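Residue numbers start from 1 in every chain, and the chains themselves are labelled A, B, ... in the order their sequence lines are given, proteins ahead of strands. Here the structure is a predicted model, which is why all the values come from computation and not from measurement.
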There are 2 protein chains.
Amino acid sequence: MVRTARFSEDDFIDATMALVAEGGPAAATMQAIARQVGAPTGSIYHRFESRSAVLGAAWNAAYGSFVKALAPLLREGRPREAALAILPWSRENERRARFLLLNEPIALFEDTPPPAPLREELERLENEFDGAFRACVAGCGDGTVRDEELARAKFLIFDAPIAILRPHLVKGGPLPLFAERMIAELHVGMPIAATRDGSMRTVGAA
Amino acid sequence: MVRTARFSEDDFIDATMALVAEGGPAAATMQAIARQVGAPTGSIYHRFESRSAVLGAAWNAAYGSFVKALAPLLREGRPREAALAILPWSRENERRARFLLLNEPIALFEDTPPPAPLREELERLENEFDGAFRACVAGCGDGTVRDEELARAKFLIFDAPIAILRPHLVKGGPLPLFAERMIAELHVGMPIAATRDGSMRTVGAA
DNA sequence: AGCATTCTAAAATGCGTATTCTAATTGACA
DNA sequence: TGTCAATTAGAATACGCATTTTAGAATGCT
(Lines give C-alpha, C1' and ligand atoms only; values in the text may rest on other atoms or scores of the structure.)
Protein backbone atom coordinates (compact mmCIF):
# COMPACT_ATOMS: atom_id res chain seq x y z
CA MET A 1 0.00 0.00 0.00
CA VAL A 2 1.30 3.43 -0.91
CA ARG A 3 -1.44 5.80 -0.03
CA THR A 4 -4.01 5.57 2.73
CA ALA A 5 -7.49 5.26 1.30
CA ARG A 6 -10.03 7.79 2.49
CA PHE A 7 -13.03 5.77 1.30
CA SER A 8 -13.41 2.08 1.96
CA GLU A 9 -15.40 -0.52 0.08
CA ASP A 10 -17.80 -0.65 2.99
CA ASP A 11 -18.34 3.10 2.86
CA PHE A 12 -19.76 2.75 -0.61
CA ILE A 13 -21.72 -0.37 0.30
CA ASP A 14 -23.31 1.32 3.29
CA ALA A 15 -24.16 4.40 1.27
CA THR A 16 -25.75 2.23 -1.40
CA MET A 17 -27.88 0.37 1.12
CA ALA A 18 -29.01 3.60 2.70
CA LEU A 19 -29.99 5.10 -0.63
CA VAL A 20 -31.87 2.03 -1.83
CA ALA A 21 -33.56 1.57 1.55
CA GLU A 22 -34.68 5.17 1.36
CA GLY A 23 -35.68 5.69 -2.24
CA GLY A 24 -35.54 2.42 -4.12
CA PRO A 25 -32.92 1.10 -6.55
CA ALA A 26 -33.18 4.07 -8.88
CA ALA A 27 -32.11 6.40 -6.10
CA ALA A 28 -28.72 4.72 -5.96
CA THR A 29 -27.04 6.46 -8.88
CA MET A 30 -23.28 6.52 -8.88
CA GLN A 31 -23.37 10.24 -8.26
CA ALA A 32 -25.75 9.86 -5.33
CA ILE A 33 -23.56 7.15 -3.80
CA ALA A 34 -20.48 9.32 -4.17
CA ARG A 35 -22.25 12.35 -2.74
CA GLN A 36 -23.46 10.34 0.25
CA VAL A 37 -19.91 9.24 1.01
CA GLY A 38 -18.40 12.63 0.22
CA ALA A 39 -16.23 11.25 -2.55
CA PRO A 40 -15.96 12.11 -6.24
CA THR A 41 -17.83 9.83 -8.58
CA GLY A 42 -14.76 8.30 -10.12
CA SER A 43 -13.44 7.01 -6.82
CA ILE A 44 -16.09 4.32 -6.71
CA TYR A 45 -14.45 2.71 -9.71
CA HIS A 46 -11.27 2.14 -7.77
CA ARG A 47 -13.22 -0.27 -5.54
CA PHE A 48 -15.90 -1.64 -7.85
CA GLU A 49 -15.84 -2.32 -11.52
CA SER A 50 -19.38 -1.16 -12.15
CA ARG A 51 -22.62 -0.03 -10.57
CA SER A 52 -24.01 -3.55 -10.56
CA ALA A 53 -20.88 -4.64 -8.70
CA VAL A 54 -21.70 -2.15 -5.94
CA LEU A 55 -25.32 -3.27 -5.78
CA GLY A 56 -24.30 -6.91 -5.89
CA ALA A 57 -21.77 -6.51 -3.09
CA ALA A 58 -24.37 -4.71 -0.97
CA TRP A 59 -26.93 -7.42 -1.65
CA ASN A 60 -24.52 -10.23 -0.78
CA ALA A 61 -23.53 -8.51 2.44
CA ALA A 62 -27.12 -8.08 3.59
CA TYR A 63 -28.22 -11.51 2.44
CA GLY A 64 -25.19 -13.17 3.99
CA SER A 65 -25.91 -11.61 7.35
CA PHE A 66 -29.53 -12.72 7.10
CA VAL A 67 -28.70 -16.31 6.17
CA LYS A 68 -26.13 -16.50 8.94
CA ALA A 69 -28.83 -15.60 11.44
CA LEU A 70 -31.42 -18.09 10.21
CA ALA A 71 -29.69 -21.10 8.69
CA PRO A 72 -28.30 -22.55 11.94
CA LEU A 73 -31.75 -22.53 13.54
CA LEU A 74 -33.19 -24.30 10.52
CA ARG A 75 -30.52 -26.97 10.58
CA GLU A 76 -31.22 -27.53 14.26
CA GLY A 77 -34.81 -28.25 13.31
CA ARG A 78 -36.29 -25.11 14.90
CA PRO A 79 -38.34 -23.48 12.13
CA ARG A 80 -40.46 -21.46 14.52
CA GLU A 81 -37.40 -19.90 16.12
CA ALA A 82 -35.95 -19.22 12.68
CA ALA A 83 -39.08 -17.34 11.61
CA LEU A 84 -39.09 -15.33 14.81
CA ALA A 85 -35.38 -14.60 14.46
CA ILE A 86 -36.22 -12.32 11.54
CA LEU A 87 -37.55 -9.79 14.04
CA PRO A 88 -34.42 -9.18 16.13
CA TRP A 89 -32.32 -9.34 12.98
CA SER A 90 -34.45 -6.60 11.42
CA ARG A 91 -34.32 -4.52 14.56
CA GLU A 92 -30.54 -4.78 14.81
CA ASN A 93 -30.03 -4.22 11.07
CA GLU A 94 -32.69 -1.70 10.23
CA ARG A 95 -30.97 -0.42 7.11
CA ARG A 96 -30.08 -3.86 5.87
CA ALA A 97 -33.60 -5.09 6.56
CA ARG A 98 -35.20 -2.35 4.50
CA PHE A 99 -32.66 -2.90 1.76
CA LEU A 100 -32.96 -6.70 1.67
CA LEU A 101 -36.59 -7.33 2.53
CA LEU A 102 -38.25 -4.55 0.56
CA ASN A 103 -36.45 -5.11 -2.73
CA GLU A 104 -36.50 -7.91 -5.24
CA PRO A 105 -33.04 -8.81 -6.53
CA ILE A 106 -34.60 -8.97 -9.98
CA ALA A 107 -35.38 -5.26 -9.74
CA LEU A 108 -31.87 -4.43 -8.65
CA PHE A 109 -30.08 -6.41 -11.31
CA GLU A 110 -32.50 -6.42 -14.19
CA ASP A 111 -30.38 -4.16 -16.38
CA THR A 112 -26.94 -5.72 -15.96
CA PRO A 113 -26.10 -8.65 -13.69
CA PRO A 114 -23.24 -8.32 -11.22
CA PRO A 115 -19.82 -9.69 -12.23
CA ALA A 116 -19.20 -13.41 -11.98
CA PRO A 117 -17.49 -13.59 -8.56
CA LEU A 118 -20.41 -11.83 -6.91
CA ARG A 119 -22.92 -13.99 -8.75
CA GLU A 120 -21.10 -17.07 -7.52
CA GLU A 121 -21.04 -15.85 -3.95
CA LEU A 122 -24.77 -15.15 -4.14
CA GLU A 123 -25.39 -18.62 -5.49
CA ARG A 124 -23.46 -20.11 -2.60
CA LEU A 125 -25.57 -18.16 -0.14
CA GLU A 126 -28.78 -19.21 -1.84
CA ASN A 127 -27.70 -22.84 -1.81
CA GLU A 128 -26.82 -22.59 1.84
CA PHE A 129 -30.23 -21.17 2.66
CA ASP A 130 -32.03 -23.69 0.49
CA GLY A 131 -30.05 -26.54 2.04
CA ALA A 132 -30.99 -25.36 5.51
CA PHE A 133 -34.66 -25.38 4.53
CA ARG A 134 -34.36 -28.88 3.14
CA ALA A 135 -32.59 -30.13 6.24
CA CYS A 136 -35.32 -28.64 8.38
CA VAL A 137 -38.15 -30.15 6.36
CA ALA A 138 -36.44 -33.52 6.23
CA GLY A 139 -36.09 -33.44 10.00
CA CYS A 140 -39.73 -32.50 10.59
CA GLY A 141 -41.25 -35.08 8.24
CA ASP A 142 -40.26 -38.60 7.29
CA GLY A 143 -36.94 -37.69 5.71
CA THR A 144 -38.00 -37.07 2.12
CA VAL A 145 -38.57 -33.53 0.88
CA ARG A 146 -41.49 -32.94 -1.43
CA ASP A 147 -42.02 -29.73 -3.42
CA GLU A 148 -45.08 -28.88 -1.42
CA GLU A 149 -43.33 -29.28 1.90
CA LEU A 150 -40.43 -27.11 0.83
CA ALA A 151 -42.85 -24.46 -0.42
CA ARG A 152 -44.70 -24.60 2.89
CA ALA A 153 -41.52 -24.20 4.88
CA LYS A 154 -40.28 -21.29 2.81
CA PHE A 155 -43.62 -19.60 3.11
CA LEU A 156 -43.97 -20.10 6.85
CA ILE A 157 -40.40 -19.19 7.74
CA PHE A 158 -39.48 -16.61 5.14
CA ASP A 159 -42.19 -15.15 2.89
CA ALA A 160 -45.03 -14.91 5.39
CA PRO A 161 -43.00 -13.27 8.17
CA ILE A 162 -41.65 -10.77 5.67
CA ALA A 163 -45.14 -10.07 4.38
CA ILE A 164 -46.17 -9.41 7.98
CA LEU A 165 -43.25 -7.08 8.58
CA ARG A 166 -43.31 -5.28 5.25
CA PRO A 167 -45.89 -2.59 6.04
CA HIS A 168 -43.97 -1.66 9.17
CA LEU A 169 -40.61 -1.71 7.41
CA VAL A 170 -42.05 0.58 4.76
CA LYS A 171 -43.60 2.95 7.25
CA GLY A 172 -40.45 3.16 9.31
CA GLY A 173 -41.13 3.07 13.05
CA PRO A 174 -40.61 0.12 15.41
CA LEU A 175 -41.89 -3.38 14.64
CA PRO A 176 -45.02 -3.86 16.75
CA LEU A 177 -45.52 -6.70 19.18
CA PHE A 178 -48.55 -8.04 17.37
CA ALA A 179 -46.40 -8.72 14.32
CA GLU A 180 -44.38 -11.12 16.42
CA ARG A 181 -47.60 -12.70 17.67
CA MET A 182 -48.83 -13.17 14.11
CA ILE A 183 -45.64 -14.94 13.08
CA ALA A 184 -45.81 -17.24 16.06
CA GLU A 185 -49.44 -18.09 15.39
CA LEU A 186 -48.68 -19.10 11.81
CA HIS A 187 -46.55 -21.89 13.14
CA VAL A 188 -49.25 -23.17 15.43
CA GLY A 189 -52.05 -23.34 12.93
CA MET A 190 -50.44 -24.40 9.70
CA PRO A 191 -48.84 -27.75 8.91
CA ILE A 192 -45.34 -27.76 7.51
CA ALA A 193 -44.44 -31.35 6.80
CA ALA A 194 -46.27 -34.55 5.99
CA THR A 195 -46.01 -37.46 8.40
CA ARG A 196 -45.69 -40.97 7.09
CA ASP A 197 -49.44 -41.56 7.04
CA GLY A 198 -50.07 -38.59 4.75
CA SER A 199 -51.49 -36.23 7.35
CA MET A 200 -49.80 -32.97 8.13
CA ARG A 201 -48.34 -31.96 11.44
CA THR A 202 -47.85 -28.47 12.72
CA VAL A 203 -44.56 -27.31 14.08
CA GLY A 204 -45.81 -25.51 17.13
CA ALA A 205 -47.64 -28.58 18.35
CA ALA A 206 -44.53 -30.77 18.25
CA MET B 1 -63.12 12.70 -35.20
CA VAL B 2 -61.58 13.02 -38.62
CA ARG B 3 -59.32 10.05 -38.86
CA THR B 4 -59.83 6.57 -37.48
CA ALA B 5 -57.22 5.79 -34.87
CA ARG B 6 -55.12 2.71 -35.55
CA PHE B 7 -53.88 2.41 -31.98
CA SER B 8 -56.12 2.65 -28.96
CA GLU B 9 -55.28 3.61 -25.41
CA ASP B 10 -55.81 -0.01 -24.42
CA ASP B 11 -53.33 -1.21 -27.02
CA PHE B 12 -50.61 0.73 -25.27
CA ILE B 13 -51.80 -0.31 -21.82
CA ASP B 14 -51.81 -3.98 -22.77
CA ALA B 15 -48.37 -3.73 -24.33
CA THR B 16 -47.06 -2.05 -21.20
CA MET B 17 -48.46 -4.75 -18.94
CA ALA B 18 -47.01 -7.46 -21.12
CA LEU B 19 -43.56 -5.88 -21.11
CA VAL B 20 -43.50 -5.26 -17.36
CA ALA B 21 -44.89 -8.72 -16.63
CA GLU B 22 -42.13 -10.17 -18.77
CA GLY B 23 -39.06 -8.14 -17.94
CA GLY B 24 -39.82 -5.75 -15.11
CA PRO B 25 -40.53 -2.02 -15.17
CA ALA B 26 -37.27 -1.14 -16.92
CA ALA B 27 -38.28 -3.26 -19.91
CA ALA B 28 -41.20 -0.94 -20.59
CA THR B 29 -39.37 1.82 -22.42
CA MET B 30 -41.44 4.03 -24.67
CA GLN B 31 -39.73 2.51 -27.68
CA ALA B 32 -40.40 -1.02 -26.49
CA ILE B 33 -44.07 -0.22 -25.91
CA ALA B 34 -44.35 1.32 -29.36
CA ARG B 35 -42.58 -1.62 -30.99
CA GLN B 36 -44.84 -4.10 -29.20
CA VAL B 37 -47.91 -2.31 -30.58
CA GLY B 38 -46.40 -1.69 -34.00
CA ALA B 39 -46.67 2.06 -33.67
CA PRO B 40 -44.06 4.82 -33.87
CA THR B 41 -42.82 6.14 -30.56
CA GLY B 42 -44.45 9.52 -30.90
CA SER B 43 -47.95 8.10 -31.23
CA ILE B 44 -48.01 7.17 -27.58
CA TYR B 45 -47.96 10.85 -26.71
CA HIS B 46 -51.24 11.42 -28.49
CA ARG B 47 -52.89 9.17 -25.88
CA PHE B 48 -50.73 9.69 -22.79
CA GLU B 49 -48.90 12.71 -21.59
CA SER B 50 -45.87 10.83 -20.31
CA ARG B 51 -44.41 7.42 -19.58
CA SER B 52 -45.62 7.51 -16.00
CA ALA B 53 -49.11 8.20 -17.32
CA VAL B 54 -48.95 4.96 -19.31
CA LEU B 55 -47.67 3.00 -16.33
CA GLY B 56 -50.21 4.63 -14.04
CA ALA B 57 -53.10 3.86 -16.37
CA ALA B 58 -51.96 0.25 -16.64
CA TRP B 59 -51.64 -0.04 -12.89
CA ASN B 60 -55.09 1.43 -12.27
CA ALA B 61 -56.64 -0.91 -14.81
CA ALA B 62 -55.11 -4.01 -13.23
CA TYR B 63 -55.73 -2.89 -9.67
CA GLY B 64 -59.31 -1.87 -10.48
CA SER B 65 -60.05 -5.29 -11.89
CA PHE B 66 -58.54 -6.92 -8.82
CA VAL B 67 -60.46 -4.79 -6.35
CA LYS B 68 -63.68 -5.39 -8.25
CA ALA B 69 -63.19 -9.11 -7.82
CA LEU B 70 -62.43 -9.04 -4.09
CA ALA B 71 -64.19 -6.08 -2.50
CA PRO B 72 -67.76 -7.41 -2.82
CA LEU B 73 -66.81 -10.65 -1.09
CA LEU B 74 -65.18 -8.71 1.73
CA ARG B 75 -68.22 -6.50 2.21
CA GLU B 76 -70.38 -9.61 2.37
CA GLY B 77 -68.22 -10.78 5.25
CA ARG B 78 -66.61 -13.68 3.40
CA PRO B 79 -62.86 -13.15 3.87
CA ARG B 80 -61.95 -16.75 3.10
CA GLU B 81 -63.74 -16.62 -0.24
CA ALA B 82 -62.08 -13.30 -0.98
CA ALA B 83 -58.63 -14.77 -0.39
CA LEU B 84 -59.39 -17.78 -2.54
CA ALA B 85 -60.82 -15.54 -5.27
CA ILE B 86 -57.29 -14.37 -6.00
CA LEU B 87 -56.62 -17.72 -7.64
CA PRO B 88 -59.30 -17.68 -10.36
CA TRP B 89 -58.64 -13.98 -10.92
CA SER B 90 -54.96 -14.71 -11.48
CA ARG B 91 -55.76 -17.60 -13.80
CA GLU B 92 -58.15 -15.52 -15.88
CA ASN B 93 -55.87 -12.48 -15.91
CA GLU B 94 -52.44 -14.03 -16.16
CA ARG B 95 -50.78 -10.95 -17.61
CA ARG B 96 -52.49 -8.58 -15.20
CA ALA B 97 -51.64 -10.84 -12.28
CA ARG B 98 -47.95 -10.89 -13.10
CA PHE B 99 -48.00 -7.16 -13.66
CA LEU B 100 -49.92 -6.30 -10.50
CA LEU B 101 -48.77 -8.90 -8.01
CA LEU B 102 -45.07 -9.08 -8.84
CA ASN B 103 -44.38 -5.35 -8.88
CA GLU B 104 -44.39 -2.74 -6.19
CA PRO B 105 -46.02 0.51 -7.28
CA ILE B 106 -43.12 2.28 -5.61
CA ALA B 107 -40.76 0.68 -8.12
CA LEU B 108 -42.93 1.69 -11.04
CA PHE B 109 -43.42 5.30 -10.03
CA GLU B 110 -40.32 6.12 -8.04
CA ASP B 111 -38.85 8.43 -10.67
CA THR B 112 -41.90 10.51 -11.59
CA PRO B 113 -45.39 10.03 -10.18
CA PRO B 114 -48.32 9.72 -12.60
CA PRO B 115 -50.37 12.85 -13.35
CA ALA B 116 -52.97 13.98 -10.83
CA PRO B 117 -56.11 12.41 -12.36
CA LEU B 118 -54.51 8.97 -12.31
CA ARG B 119 -53.22 9.47 -8.78
CA GLU B 120 -56.71 10.40 -7.68
CA GLU B 121 -58.25 7.39 -9.34
CA LEU B 122 -55.69 5.16 -7.65
CA GLU B 123 -56.48 6.73 -4.31
CA ARG B 124 -60.15 6.03 -4.84
CA LEU B 125 -59.39 2.40 -5.58
CA GLU B 126 -57.20 2.09 -2.51
CA ASN B 127 -59.87 3.64 -0.34
CA GLU B 128 -62.44 1.29 -1.77
CA PHE B 129 -60.26 -1.71 -0.99
CA ASP B 130 -59.39 -0.44 2.46
CA GLY B 131 -63.04 0.26 3.19
CA ALA B 132 -63.96 -3.26 2.18
CA PHE B 133 -61.37 -4.65 4.58
CA ARG B 134 -62.69 -2.49 7.40
CA ALA B 135 -66.25 -3.54 6.72
CA CYS B 136 -65.19 -7.16 6.78
CA VAL B 137 -63.27 -6.85 10.02
CA ALA B 138 -66.07 -4.88 11.66
CA GLY B 139 -68.49 -7.62 10.67
CA CYS B 140 -66.31 -10.42 12.02
CA GLY B 141 -65.55 -8.82 15.39
CA ASP B 142 -67.51 -6.61 17.70
CA GLY B 143 -67.87 -3.69 15.30
CA THR B 144 -64.75 -1.71 16.14
CA VAL B 145 -61.66 -1.98 13.92
CA ARG B 146 -58.30 -2.05 15.65
CA ASP B 147 -54.99 -1.65 13.83
CA GLU B 148 -54.02 -5.19 14.62
CA GLU B 149 -57.23 -6.64 13.27
CA LEU B 150 -56.94 -4.68 10.05
CA ALA B 151 -53.34 -5.81 9.67
CA ARG B 152 -54.38 -9.41 10.26
CA ALA B 153 -57.13 -9.21 7.66
CA LYS B 154 -54.89 -7.64 5.05
CA PHE B 155 -52.24 -10.25 5.69
CA LEU B 156 -54.60 -13.22 5.57
CA ILE B 157 -56.59 -12.07 2.56
CA PHE B 158 -54.05 -10.18 0.50
CA ASP B 159 -50.36 -10.39 1.39
CA ALA B 160 -50.16 -14.03 2.42
CA PRO B 161 -52.03 -15.43 -0.58
CA ILE B 162 -49.84 -13.35 -2.86
CA ALA B 163 -46.72 -14.56 -1.09
CA ILE B 164 -47.95 -18.10 -1.65
CA LEU B 165 -48.61 -17.51 -5.33
CA ARG B 166 -45.53 -15.41 -6.08
CA PRO B 167 -43.04 -18.22 -6.77
CA HIS B 168 -45.47 -19.77 -9.23
CA LEU B 169 -46.31 -16.47 -10.88
CA VAL B 170 -42.61 -15.84 -11.31
CA LYS B 171 -41.92 -19.28 -12.71
CA GLY B 172 -44.79 -19.07 -15.13
CA GLY B 173 -46.68 -22.37 -15.29
CA PRO B 174 -50.09 -23.14 -13.76
CA LEU B 175 -50.90 -22.37 -10.14
CA PRO B 176 -50.68 -25.69 -8.28
CA LEU B 177 -53.48 -27.12 -6.21
CA PHE B 178 -51.46 -27.11 -3.03
CA ALA B 179 -51.21 -23.33 -3.22
CA GLU B 180 -54.97 -23.18 -2.95
CA ARG B 181 -54.82 -25.58 -0.04
CA MET B 182 -52.28 -23.41 1.75
CA ILE B 183 -54.44 -20.30 1.39
CA ALA B 184 -57.46 -22.13 2.73
CA GLU B 185 -55.52 -23.49 5.70
CA LEU B 186 -54.38 -20.02 6.71
CA HIS B 187 -57.96 -19.09 7.34
CA VAL B 188 -58.58 -22.09 9.52
CA GLY B 189 -55.63 -21.72 11.83
CA MET B 190 -55.19 -18.01 12.28
CA PRO B 191 -57.54 -15.62 14.07
CA ILE B 192 -58.61 -12.52 12.23
CA ALA B 193 -60.73 -10.50 14.66
CA ALA B 194 -61.05 -10.14 18.41
CA THR B 195 -64.32 -11.06 20.05
CA ARG B 196 -65.71 -8.96 22.85
CA ASP B 197 -64.00 -10.97 25.58
CA GLY B 198 -60.53 -10.37 24.10
CA SER B 199 -60.02 -13.82 22.61
CA MET B 200 -59.55 -14.24 18.87
CA ARG B 201 -61.78 -16.21 16.59
CA THR B 202 -60.80 -17.78 13.32
CA VAL B 203 -62.74 -17.24 10.18
CA GLY B 204 -62.85 -20.81 9.00
CA ALA B 205 -64.34 -22.01 12.27
CA ALA B 206 -67.24 -19.58 12.10
C1' DA C 1 15.17 12.72 -1.06
C1' DG C 2 13.33 10.28 -5.07
C1' DC C 3 10.55 6.85 -7.02
C1' DA C 4 6.67 3.83 -7.90
C1' DT C 5 2.23 3.09 -6.88
C1' DT C 6 -2.32 3.84 -5.29
C1' DC C 7 -5.35 6.93 -4.41
C1' DT C 8 -8.38 11.46 -4.90
C1' DA C 9 -10.40 14.80 -7.82
C1' DA C 10 -13.20 16.63 -11.28
C1' DA C 11 -14.17 17.21 -15.76
C1' DA C 12 -15.24 14.79 -20.34
C1' DT C 13 -17.39 11.23 -22.94
C1' DG C 14 -20.89 8.39 -24.76
C1' DC C 15 -25.05 6.10 -24.69
C1' DG C 16 -29.84 5.13 -23.83
C1' DT C 17 -33.92 7.13 -22.94
C1' DA C 18 -38.11 10.28 -22.66
C1' DT C 19 -39.92 13.84 -25.01
C1' DT C 20 -40.70 17.15 -28.79
C1' DC C 21 -40.86 18.57 -33.52
C1' DT C 22 -42.08 18.68 -38.40
C1' DA C 23 -44.20 16.71 -42.13
C1' DA C 24 -47.23 13.57 -44.28
C1' DT C 25 -51.57 10.98 -44.21
C1' DT C 26 -56.23 9.87 -43.38
C1' DG C 27 -61.25 9.95 -43.66
C1' DA C 28 -65.81 11.97 -41.88
C1' DC C 29 -68.34 15.74 -43.25
C1' DA C 30 -69.98 19.72 -45.99
C1' DT D 1 -64.97 16.27 -54.13
C1' DG D 2 -62.40 19.41 -51.26
C1' DT D 3 -61.53 20.62 -46.38
C1' DC D 4 -59.42 20.18 -42.04
C1' DA D 5 -58.35 18.48 -37.56
C1' DA D 6 -56.89 14.26 -35.64
C1' DT D 7 -53.74 11.04 -36.32
C1' DT D 8 -49.55 8.55 -38.01
C1' DA D 9 -44.76 8.61 -38.92
C1' DG D 10 -40.12 8.99 -37.90
C1' DA D 11 -36.44 11.88 -37.18
C1' DA D 12 -34.37 15.43 -33.89
C1' DT D 13 -33.54 17.01 -29.34
C1' DA D 14 -32.28 17.09 -24.61
C1' DC D 15 -30.96 15.16 -20.59
C1' DG D 16 -29.46 11.99 -16.98
C1' DC D 17 -26.65 8.61 -16.10
C1' DA D 18 -22.63 5.13 -16.05
C1' DT D 19 -18.23 5.04 -17.29
C1' DT D 20 -13.59 6.88 -18.78
C1' DT D 21 -10.02 9.97 -18.87
C1' DT D 22 -6.66 13.05 -17.32
C1' DA D 23 -4.27 15.40 -13.76
C1' DG D 24 -2.64 15.91 -9.29
C1' DA D 25 -1.71 14.36 -4.40
C1' DA D 26 -0.22 11.27 -0.88
C1' DT D 27 2.46 7.41 1.13
C1' DG D 28 5.73 3.52 1.91
C1' DC D 29 10.16 1.93 0.27
C1' DT D 30 14.91 2.37 -1.13
Relative to each other, are the rings of A:F12 and A:F7 parallel, tilted or perpendicular (30° and 60° limits)?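 Plane angle between 30° and 60°, so tilted.
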Could you check how far [atom1] of [X] sits from [atom2] of [N], rounded to whole Å?
X     : N      : atom1 : atom2 : result
A:I33 : C:dA9  : CD1   : P     : 17 Å
B:F48 : D:dT7  : CZ    : P     : 13 Å
B:I44 : D:dG10 : CD1   : P     : 14 Å

Given D:dA9, C:dA9, C:dA18, the nucleotide with the shortest approach to the side chain of B:F7: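 Comparing D:dA9, C:dA9, C:dA18 against the side chain of B:F7, the answer is D:dA9.
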Check whether any side-chain N or O of A:R47 sits under 4.0 Å from OP1 or OP2 of C:dC7, and answer yes or no.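 Yes, A:R47 has a side-chain N/O under 4.0 Å of OP1/OP2 on C:dC7.
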Just N and O in the side chain of A:R6: are any of them under 4.0 Å from OP1 or OP2 of C:dA9?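 True: A:R6 side-chain N/O within range (under 4.0 Å) of C:dA9 OP1/OP2.
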Show me the donor-acceptor pairs, under 3.5 Å and distance only, between side chains in residues 98-108 of chain A and residues at least two apart or in other chains.
from, atom 1, to, atom 2, distance (Å)
A:R98, NE, A:A21, O, 3.3
A:R98, NH1, A:L169, O, 2.4
A:R98, NH1, A:V170, O, 3.3
A:R98, NH2, A:A21, O, 2.7
A:N103, ND2, A:F99, O, 3.0

Side-chain donor or acceptor of A:E180 paired with backbone N/O of A:L177 under 3.5 Å: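 No: the side chain of A:E180 does not pair with the backbone of A:L177.
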Where the side chain of A:R78 meets the backbone of A:L73, is there a donor-acceptor pair that is under 3.5 Å apart?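 Pair absent, no side-chain N/O of A:R78 close to backbone of A:L73.
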Tabulate protein N/O versus nucleotide N/O from nucleotides 19-22 of chain D, keeping only pairs under 3.5 Å, one per line.
from, atom 1, to, atom 2, distance (Å)
D:dT19, OP2, A:Y45, OH, 3.0
D:dT19, OP2, A:R51, N, 2.7
D:dT19, O5', A:Y45, OH, 3.4

Solution key, residues 29-46 of chain A side-chain donor-acceptor pairs under 3.5 Å, sequence neighbours excluded:
from, atom 1, to, atom 2, distance (Å)
A:T29, OG1, A:A32, N, 3.0

Specify the residues of residues 10-25 of chain B, ordered by number, for which at least one heavy atom lies under 4.0 angstrom from an atom of DNA chain C.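 DNA chain C contact set from residues 10-25 of chain B: none.
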Give the table of side-chain donor-acceptor pairs shorter than 3.5 Å for residues 55-66 of chain B, with sequence neighbours excluded, one pair per line with atom names and distance.
from, atom 1, to, atom 2, distance (Å)
B:N60, ND2, B:L118, O, 3.1
B:N60, ND2, B:E121, OE1, 3.3
B:S65, OG, B:W89, NE1, 2.8
B:S65, OG, B:R96, NH1, 3.3

Run the side-chain donor-acceptor check on residues 153-162 of chain A: report pairs under 3.5 Å with partners two or more places apart or on a different chain.
from, atom 1, to, atom 2, distance (Å)
A:K154, NZ, A:D130, OD1, 2.7

Is a salt bridge present between A:R152 and B:E185, judged by a nitrogen-to-oxygen distance below 4.0 Å?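 Looking at A:R152 and B:E185, the cut-off is met.
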